[in-house]
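Shown next, in C-alpha cells, is the structure this report addresses.
We name chains A, B, ... by the order of the sequence lines, and we start the count at 1 in each one.
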Amino acid sequence: MIQCPRGTRDFLPDELEKRRSYEGILRGVAHRFGFREIETPIFEDAELFILRSGPGVLKELYNFKDKGDRDIALRPEMTAPVIRAFVNGMGSYPKPIKVFYFGQCFRYERPQAGRYREFFQFGAEIIGSATPETDAEAIAMAASMIKSLGLKEYKIRIGHIGVLRQRIADIGVPAERTAEVLQKLDKKLYDEARPILRDIGVADADAEALFDLTETVGGTEVLDKVPGEAGTYLRELVGILGSMGVEDLEIDLGVVRGLDYYTGMVFEAEAPVLGAEKQICGGGSYTLSELFGGEKVFSTGFAIGFDRILLAMEKEGIEYEQEGIDAYVIPVSDDVRRDAAVIVSRLRGSGRSADIDIMGRKMAKALKYADSIRARYAVIVGRKELDGGCVTLRDMKTGEQREVPADDIFRGV
RNA sequence: GCUGGGAUAGUAUAGCCUGGUUAGUAUAGGGGACUGUGGAUCCCUUGACUCGAGUUCAAAUCUCGGUCCCGGCCCCA
C-alpha cells in the first residue's frame, strides 16, 4: 500500500470542510480590511528563495531540475513570490497595495507536532507604504484573524529590529558580524554571545547593557524606556493600535526574526498550548523588491501558520459543526423512484442541497443514512401521499412529520 | 542532522514481556429480523498483525534494517 509521503496529509471530507470554513473566516477578515487575493505559482526559480534567504535555505528546500534544466523549487513561503509578482507586474498599481494569499508551502524538514513538509500559510502584504499606520494595519488584521477563529490563549509580541541593530552598531560590532550576534540574542543565549562580543572588542558593560535591552519585555508601558527613533515609532504604533481596539500586546525587543531584510517593526504571535512549535504568526516591515530587480519599496507583511492555528484551536476544544445537507429524499418503494428523482432535482434547482437514495435501501436504513450525513429533513416519497400531490417532510432533529405539497416542499419551513 | 517512544480491520483497542489452534473485542461499513418511519436490540457479513531480512520445527510476539507516526533538540525564511 502506498501512503502519503512523509510530512504530507490527505484531507478527508470532514476535515477539509472544517478547514475550508476557517479559511473562509480568514478571507472574510482580509476583505474587511480591504485586502485583495493574489495567487502565485507553487514552484518558482530556486534562485528567488536563495536571494531572499541565502544559500542556507537550499537544504530545506524541495528543489529539482526540470526537463529544461531549470533549477526549480517548491515555494517554502509566499512573501518572496508576492514581491516578485509585484516587481514583475504591479509596480504601477496605486499604493498602498494590499494583498493576501492562502496556499500550501513546502519545506524539507523533519516533521513534528504542527510542522509538516506540506503546510498551509495565510498571509498578507502591504506594499509601498512605510508609516506606523501601515504596521498597525498589519498587526490589527493578524490580531483580528486570530480572534475571529475563536482562539483564546495567544500572545502577540512586538519588537523593533532597529533598536538592537542601532545599539549593536553603536557599541562597535562591525556590520558583517551583526547577524551572528543577533542570532544569539534572538535565542537569549547570552553566555554564547559574551565571548563573541569580547572577541570583537566590545566592553563588558556595553555587552550587558545590550542584553538588558533585549530583556525589555512587558506591557506597552515598557516603551517609555525605549530610546531613540524606534522608541518614538513604537509608541506611535501602539497608540494607533489602541485606537483600533487592539490592546493585549506585549513589547519584546528580543523579537528579532532571522533575516536581515527586516527593516523596522517585527512581530509574532504564539499559542502556548502548542508546546515546541508554538509560533502561529510572524511578520514585520521589510524591503525585498530591490533584491528581485525592482526599485526599493517598503512593505509590511505577515503570515499565519494555518495548520498550527487549527491545531491550537483543537487543543482549546473549539469544535466545528459539520454542515450537512438540507434534504434527503427517500423513495418508499420502487414504483415511486422516478417521482423521487423529479423531487430531488427540483430541490436542487431551487438552491437547496439535496441528496437521494441511490442504493435501493429500505426506509429504516435510508433514514439512518440520512441521519449519518446530517440531513436536516427527510423527504419521504410514497404512493399514498403522491396520489394527493404530496410528500412527507420529516424533521430529522425532532422527528416531527407533516404532509407538504410535492412541488413546493419547503414553503413555510 | 541528533535523540526517545511507537505502529494490530476505516477508527479505538486485546494479545507481545513468557513464540505454539481459526489473532479476540468494541465501533464504523454492507445485508437481514422489520414488505412505509432512523439514532435501540438481535443475527449474518466485509475487514488488520507497517515492510523486508534473520533466529526457530514454529514469529503479531525475539533480533536487525527500511518506512511512517508521536514527542524533545538543531533549524524555523
Side-chain angles (χ1 to χ4, degrees), chain A residues 1-10 12-14 44 46 48-61 73 75-83 105-117 119 121 123 179 183 186-187 189 256-262 266 268 270 274-284 286 288 291 301-303 305 308 311 328 330-336 340 357 359-375 377-386 391-403:
Chain A
M1 200 173 58
I2 297 176
Q3 38 194 346
C4 284
R6 185 168 164 82
T8 67
R9 296 154 290 167
D10 290 324
L12 306 184
D14 278 351
E44 297 266 1
L48 177 68
F49 303 110
I50 295 168
L51 278 175
R52 181 198 164 176
S53 313
V57 295
L58 267 172
K59 69 179 198 307
E60 297 194 335
L61 223 46
R75 62 187 181 199
E77 53 89 33
M78 293 210 253
T79 299
V82 167
I83 297 303
C105 298
F106 305 83
R107 294 181 190 176
Y108 194 87
E109 302 180 286
R110 191 184 180 298
Q112 227 172 292
R115 177 187 276 189
Y116 304 94
R117 286 182 171 183
F119 60 98
Q121 280 197 341
Q183 208 242 345
D186 186 26
K187 302 257 168 354
L189 296 172
V256 170
R257 307 203 59 71
L259 298 177
D260 20 283
Y261 59 78
Y262 281 101
V266 287
E268 55 190 38
E270 62 181 44
L274 290 182
E277 303 292 331
K278 64 186 175 182
Q279 193 182 330
I280 52 176
C281 175
Y286 61 90
L288 264 182
L291 273 182
F302 69 89
R308 283 195 194 169
L311 196 61
Y328 188 71
I330 303 172
V332 157
S333 50
D334 284 342
D335 60 313
V336 297
D357 171 63
M359 287 183 57
R361 280 197 174 97
K362 293 178 183 157
M363 184 164 354
K365 298 276 181 181
L367 280 168
K368 203 175 163 189
Y369 178 75
D371 181 61
S372 75
I373 60 170
R374 298 166 213 268
Y377 293 93
V379 176
I380 298 166
V381 180
R383 189 80 278 150
K384 280 190 307 210
E385 302 94 314
L386 272 182
V391 295
T392 297
L393 186 65
R394 179 184 179 89
D395 184 317
M396 292 298 288
K397 209 164 228 156
T398 62
E400 274 174 70
Q401 292 192 179
R402 58 180 154 152
E403 287 201 12

Partner set under side-chain contact (heavy atoms from CB on, under 4.5 Å) for A:P331, not counting sequence neighbours: A:V336, A:R337, A:A340, A:D357

side-chain contact (heavy atoms from CB on, under 4.5 Å) against A:A303, all qualifying residues, sequence neighbours excluded: A:Y101, A:Q121

Results of ring pair (Phe, Tyr, Trp, His ring centres under 6.0 Å) for A:Y369 - residues two or more places apart only: A:Y328

Would you verify whether the NZ or CZ of A:R75 falls within 45 degrees of the ring axis of A:F49 while also being under 6.0 Å from that six-membered ring's centre? no

Is A:R6 near enough to B:U67 that one of its side-chain N or O atoms lies under 4.0 angstrom from OP1 or OP2? no

Phosphate-side-chain proximity, A:R361 and B:G30, N/O vs OP1/OP2 below 4.0 Å: yes

Which nucleotide sits closest to the side chain of A:A113: B:U37, B:C75, B:G71? B:G71

Would you indicate which nucleotide in B:G71, B:U35, B:G31 comes nearest to any side-chain atom of A:K362? B:U35

How many whole angstroms separate atom CG of A:L58 from atom P of B:C75? 19 Å

With heavy atoms under 4.0 Å as the rule, sort [X] into base, sugar-phosphate or nothing.
X: A:I380; value: base
X: A:Q401; value: base
X: A:E385; value: base
X: A:G360; value: nothing
X: A:R374; value: nothing

Can you tell me the base-pairing partner of B:C34? Count Watson-Crick or G-U wobble geometry only, both distances below 3.5 Å, and say none if there is no partner. none

Just name whichever nucleotide pairs with B:C62, Watson-Crick or G-U, keeping both distances under 3.5 Å, else none. B:G54

Short N/O separations, protein against nucleotides 38-41 of chain B, under 3.5 angstrom:
residue : atom : partner : partner atom : Å
B:G38   : N7   : A:R394  : NH2          : 2.5
B:G38   : O6   : A:R394  : NH2          : 3.4
B:G38   : O6   : A:M396  : O            : 3.2
B:G38   : N1   : A:M396  : O            : 2.8
B:G38   : N2   : A:D371  : OD1          : 2.2
B:G39   : N2   : A:D371  : OD1          : 2.7

Which atoms of nucleotides 1-9 of chain B (N or O only) lie under 3.5 Å from a protein N or O atom, and what are those distances?
residue : atom : partner : partner atom : Å
B:C2    : N4   : A:R110  : NE           : 3.0
B:U3    : O4   : A:R110  : NE           : 3.3
B:U3    : O4   : A:R110  : NH2          : 3.2

Any ion pair linking A:K278 and A:E270 (charged N to carboxylate O, less than 4.0 Å)? yes

Would you call A:R115-A:E109 a salt bridge at under 4.0 Å N-O? yes

Just the atom pairs and distances: protein N or O near nucleotides 44-46 of chain B's N or O, under 3.5 Å.
none

